[in-house]
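Below, chains carry the letters A, B, ... as their sequence lines are ordered, and counting in each starts from 1. This is a predicted model, so every value here is computed, not measured.
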Amino acid sequence: MKKSLAEILQDSLKTLGIETIRQIEIKVPPKENMGDLATPLAMSLSEKLKKSPRKIAEEIVASIKDKSSFEKIDIAGPGFINFTFSKECLFSEIKRLLELKSSYLRENIGKGKRVQIEFISANPTGPLHLGHGRGGATGVALSNLLAAAGYEIEREYYINDAGKQVKLLGLSVFARYKQLIGIEYPFPEDCYKGLYIEDIANSILEEEGGKYKNADFHDVPDFFIEYSYQKILSGIRDDLRDFGITFDTWQSERELYESGEVGKAIEDLKIKGHVYEKEGALWFRATAFGDDKDRVIIKKDGEYTYFTSDIAYHRKKIERRYDGLIDIWGADHHGYIPRIKAVIEALGYPKERLKVLLVQMVTLLRGGKPVQMSKRAGEFVTLREVIDEVGPDITKFIFLTRRPDSHLEFDLEVAKAQSSENPVFYVQYANARINSIFTHAEENGIKTDKLYDANFELLSTNDELRIIKKILMYPMVFEGSVNSYEPHRITFYLQELSGIFHPYYNKHRIVSDDVELTMSRLALCEAIRILLREGLQILGISTPEKM
RNA sequence: GCGCCUGUAGCUCAGUUGGAUAGAGCAACUGCCUUCUAAGCAGUGGGUCAGGGGUUCGAAUCCCUUCAGGCGCGCCA
């Protein structure tokens with residue numbers, strides 16, 4: 001609808017001899033009686049043309065050749081042009097929607113471009129917490145959204161299974177293991193202290209017995225590290241499964257070292273002249289690409305830094321010939337962006353090739369009081385506990401009704417208290433309700449397989465026209481959501497759509513003795529259902545058949 | 001100290017990238033189940049868009065500044 005209106009306006013500008021504008025601004029007016037779509041075009045042209053906005057608006061309206069799509073075109077306020085679509089136009093669009101189903105809703109914006117989205121990528125040193133849940137919900141919704149928009153999407157989880165943190169994990173488990181057999185063992189200060197460490201130590205004890213009783217950690221680090229992080233990783237996979245998140249690929253950091261990717265990346269940067277030695281360490285000249293400090297990639301002691309493998313990781317990703325990379329990070333890593341962008345540029349790619357989306361922090365509250373979150377100290381509420389307590393759909397919905405860059409307060413008590421009143425059910429219920437209408441209709445012998453042939457003329461009440469218009473505005477929301485990488489716009493749209501369906505249901509009888517009217521109303525319900533399912537699918541939220 | 005994010009109804013948050021009289025859900029109050037699902041519907045109240053300047057036809061939105069909160073500024077990850 002928006003697109004065809006934009007074309008009409010471009011045409012009109014052409015006949016007026018005004019040079020065309022790249023993007024004509026088209027919006028939904030704030031009040032329904034103002035029309036369906038509006039443009040402030042005349043106002044923005046008034047300065048350039050030295051004419052009053054209303055005068056320009058009149059000229060534009062007069063120059064529109066084909067007005068058959070519109071019931072009326074008004075000039076209002078300071079110079080808005082308001083368009084109201086004709087019923088015939090609306091009905092034929094709805095008919096197309098019913099024929100094409102979700103493909104009507106999916107504008108091909110991506111045109112098959114390959115985009116990889118990396119998200120969550122939590123260290124396998126402890127269970128997922130709520131912050132990971134937010135990243136995960138966002139990642140899933142965004143990847144579904146982009147996939148619906150014609151991008152070819154791959155979802156990846158990066159596993160930090162090398163380096164200091166997993167070593168600390170191994171040591172932590174080792175210490176608990178010793179203590180379990182009754183051996184005094186000093187528990188290192190910066191080790192992980194969560195209960196899950198003890199669980200892992202216990203299962204080692206069950207499987208291996210006192211085999212490592214007399215060993216020192218230096219003798220058996222590999223076993224403890226490997227065993228522990230694998231155990232945690234499989235727990236993470238379980239949590240993700242139950243939260244409804246799947247990945248296409250899992251990239252191991254360790255594998256990057258073993259396959260020589262890290263070495264190759266360093267060589268590559270050396271050849272391109274972006275590294276130098278100083279004070280016994282090897283540095284990447286990040287300042288040459290806009291970062292405010294150069295960064296160490298090989299330490300004085302010969303060890304690599306976290307950043308080194310990240311260079312290799314992003315190098316590998318970008319050379320796999322993706323058209324674009326998206327990283328979703330917690331906002332606490334924002335200082336890391338210039339560094340990694342610098343790598344992209346140093347490797348010879350435009351830095352826009354990588355898009356880093358920041359997801360803001362989640363403050364977890366219980367009854368208004370903050371719950372301390374510290375992985376090291378072992379005080380935290382896991383994602384598992386939250387989805388068990390609150391439920392995956394509600395949890396996701398809470399994340400997806402907020403802009404990614406807004407700080408989020410997640411109060412467990414509030415989330416639970418709202419669990420029967422939660423807006424997510426409002427949307428799911430609309431779908432379930434329509435299902436039940438269809439069941440009822442079919443039980444009454446009404447055939448519902450050719451609703452696109454229904455007589456739409458019978459959908460003549462304002463309530464029905466309002467719904468039709470809302471439905472036809474979806475592509476605008478979709479487009480905005482895709483271009484801004486903001487899935488939450490879909491969430492709000494679904495709430496609004498449900499918010500006009502429920503009252504309609506309450507006021508008007510769908511299935512009645514009037515078969516023709518029944519058919520046309522069912523067609524409307526079907527259109528709503530297509531949208532609800534499409535939207536919920538994008539958000540990664542379930543669509544229960546019955547509720 | 002520097003950088004990033006945030007500040008909108010009692011609470012939690014939207015606000016379509018500068019447009020028209022700023023919205024929704026909770027919470028509060030009043031009604032509605034004999035008819036396709038009451039996880040629903042109808043109605044009522046609720047605002048100095050943190051404060052102050054500026055930019056222009058027009059600002060919650062852009063710029064400056066103050067205040068408040070969060071997060072970063074490692075040869076940690």
Worksheet entry | Rounded distance in Å - CZ (A:Arg295) to C1' (B:A77) | 14 Å
Response to the item:
Tightest non-hydrogen contact, residues A:Ala415 and A:Ile398, listed as CB-CD1, 3.9 Å
Practice prompt. Would you indicate which nucleotide in B:A77, B:C36, B:A39 comes nearest to any side-chain atom of A:Tyr505?
Written response: B:C36
Practice prompt. Indicate, with a heavy-atom threshold strictly under 4.0 Å, whether A:Ala432 touches base, sugar-phosphate, or nothing.
Written response: base
Item to complete: Under 4.0 Å between any heavy atoms, over every strand shown, what does A:Phe438 touch: base, sugar-phosphate, or nothing? Just pick one.
Response: nothing
Discussion item. Once hydrogens and angles are ignored, does a donor-acceptor distance under 3.5 Å link the base of B:C41 to the side chain of A:His502?
Written reply: no
Fill in: OP1 or OP2 of B:C76 under 4.0 Å from side-chain N/O of A:Lys299
yes
Worksheet item: Are A:Arg433 and B:C36 close enough that a side-chain N or O sits under 4.0 Å from OP1 or OP2?
Response: no
Response to the item:
Out of B:C75, B:A20, B:C36, minimum distance to the side chain of A:Pro29 belongs to B:A20
Item to complete: Specify whether A:Phe289 and A:His274 have parallel, tilted or perpendicular ring planes, treating 30° as the upper limit for parallel and 60° as the lower limit for perpendicular.
Response: perpendicular
Discussion item. Work out how far the C1' atom of B:U55 is from that of B:U61, and round it to whole angstrom.
Written reply: 14 Å
Practice prompt. Could you state the atom-to-atom distance from OH of A:Tyr504 to C1' of B:A42 in whole Å?
Written response: 18 Å
Response to the item:
Considering only heavy side-chain atoms of A:Phe80, the closest of B:A39, B:A20, B:C36 is B:A20
Practice prompt. Would you mind calling B:C33 syn or anti? Take O4'-C1'-N9-C4 for purines or O4'-C1'-N1-C2 for pyrimidines, and syn is within 90° of 0.
Written response: syn
Worksheet item: Do the two ring centres, one from A:Tyr157 and one from A:Phe119, sit under 6.0 Å apart?
Response: no
Worksheet entry | Between C1' of B:C41 and CD1 of A:Ile510, the distance in whole Å | 14 Å
Discussion item. Using 30° and 60° as the class boundaries, would you call the ring planes of A:Phe501 and A:Tyr504 parallel, tilted or perpendicular?
Written reply: tilted
Fill in: Which nucleotide in B:A38, B:A20, B:C41 has an atom nearest any side-chain atom of A:Asn506
B:C41
Item to complete: Take atom C1' in B:A28 and the same atom in B:G45, then report the distance between them in whole Å.
Response: 9 Å
Worksheet item: Per the atom types in the model, does the base of B:A77 pair as donor or acceptor with the side chain of A:Asp332 at under 3.5 Å?
Response: no
Worksheet item: Think A:Arg403 has a side-chain N or O under 4.0 angstrom from the OP1 or OP2 of B:U6?
Response: yes
Item to complete: Would you mind classifying the nucleic acid contact of A:Lys164 as base, sugar-phosphate or nothing, using non-hydrogen atoms under 4.0 angstrom?
Response: sugar-phosphate
Worksheet item: Just checking A:Leu408: base, sugar-phosphate only, or nothing, at a heavy-atom cut-off of under 4.0 Å?
Response: sugar-phosphate
Item to complete: Considering only atom P, compute the distance from B:G3 to B:U44 and round it to an integer number of Å.
Response: 49 Å
Discussion item. Looking at every non-hydrogen atom in both residues, tell me the closest pair between A:Pro423 and A:Phe397 and how far apart they are.
Written reply: CB-CE2, 3.8 Å
Practice prompt. For A:Thr363, report the nucleic acid contact type (base, sugar-phosphate, nothing); a contact means any heavy atom under 4.0 Å.
Written response: nothing
Discussion item. Below 30° counts as parallel, above 60° as perpendicular, anything between as tilted: where do the rings of A:His314 and A:Trp329 land?
Written reply: perpendicular
Worksheet item: B:U6 and B:U16: how far apart are their P atoms, nearest whole angstrom?
Response: 13 Å
Worksheet item: For A:Asp513, does the CG atom have more than 12 heavy-atom neighbours from other residues, nucleotides or ligands under 6.0 Å away?
Response: no
Discussion item. Take a 6.0 Å sphere around NZ of A:Lys546 and say whether it holds more than 12 heavy atoms from other residues, nucleotides or ligands.
Written reply: no
Worksheet item: Which value, in whole Å, describes the distance between the P atoms of nucleotides B:C64 and B:G46?
Response: 37 Å
Item to complete: Can you establish whether the number of heavy atoms outside A:Lys299 located under 6.0 Å from its atom NZ is more than 12?
Response: yes
Worksheet item: Using a cut-off of less than 4.0 Å, is there contact between a side-chain N or O of A:Tyr429 and OP1 or OP2 of B:A39?
Response: yes
Discussion item. Just to be sure I understand the rule, does A:Asn82 reach a base, reach only the sugar-phosphate, or reach nothing, if contact means heavy atoms closer than 4.0 Å?
Written reply: base
Discussion item. If I pick the C1' atom on B:U8 and the same atom on B:U48, what distance separates them, to the nearest angstrom?
Written reply: 12 Å
Worksheet item: Does the side chain of A:Tyr426 get closer than 4.0 angstrom to OP1 or OP2 of B:C41 through an N or O atom?
Response: yes
Fill in: Atom-to-atom span, CZ of A:Arg134 to C1' of B:C71 - whole angstrom
13 Å
Discussion item. Classify A:Phe307 by what it touches in the nucleic acid, base, sugar-phosphate, or nothing, heavy-atom distance under 4.0 Å.
Written reply: nothing
Worksheet entry | Euclidean distance, atom CZ of residue A:Arg489 to atom P of B:A24 [Å, nearest integer] | 19 Å
Worksheet entry | Pairwise C1' distance for B:C63 and B:C71, with rounding to whole Å | 25 Å
Item to complete: When you get a sec, tell me which of B:C36, B:G70, B:A20 is the closest nucleotide to the side chain of A:Ala38?
Response: B:A20
Discussion item. Regarding A:Pro503, tell me which of base, sugar-phosphate or nothing describes its non-hydrogen contacts under 4.0 Å with the strands shown.
Written reply: sugar-phosphate
Worksheet item: Where does B:U17 land, syn or anti, once you apply the within-90°-of-0 test for syn?
Response: syn
Discussion item. From the set B:A14, B:U17, B:A77, return the single nucleotide nearest to any side-chain atom of A:His333.
Written reply: B:A77
Fill in: Separation of atom CD in A:Glu409 from atom P in B:U8, rounded to whole Å
11 Å
Worksheet item: Under 4.0 angstrom, heavy atoms only, what part of the nucleic acid is A:Ala430 near: base, sugar-phosphate, or nothing?
Response: nothing
Practice prompt. Could you check whether A:Lys546 gets within reach of a base, just the sugar-phosphate, or nothing at all, counting any heavy atom under 4.0 Å?
Written response: base
Worksheet item: So, does the side chain of A:His407 form a donor-acceptor pair with the base of B:G69 at under 3.5 Å?
Response: yes
Worksheet item: Roughly, in whole Å, what's the span from CZ in A:Phe492 to P in B:G25?
Response: 11 Å
Fill in: Within the 6.0 Å centroid threshold, strictly below: A:His488 and A:Phe399
no
Worksheet item: When the C1' atoms of B:C49 and B:U21 are considered, how many whole Å apart are they?
Response: 15 Å
Worksheet item: For A:Pro53, which contact category applies under a 4.0 Å heavy-atom criterion: base, sugar-phosphate, or nothing?
Response: nothing
Practice prompt. Establish, with yes or no, whether the OP1 or OP2 oxygen of B:G74 is under 4.0 angstrom from a side-chain nitrogen or oxygen of A:Lys300.
Written response: no
Fill in: Side-chain N or O of A:Lys27 closer than 4.0 Å to phosphate OP1/OP2 of B:G19
yes
Item to complete: Test for a donor-acceptor pair under 3.5 Å between the base of B:G3 and the side chain of A:His334, counting only N and O atoms.
Response: yes
Worksheet entry | Integer-rounded Å distance: B:C13 P and A:Glu496 CD | 19 Å
Discussion item. Categorize A:Val477 for me: base, sugar-phosphate, or nothing, with a 4.0 angstrom heavy-atom threshold over every strand shown.
Written reply: nothing
Discussion item. Classify A:Met43 by what it touches in the nucleic acid, base, sugar-phosphate, or nothing, heavy-atom distance under 4.0 Å.
Written reply: base
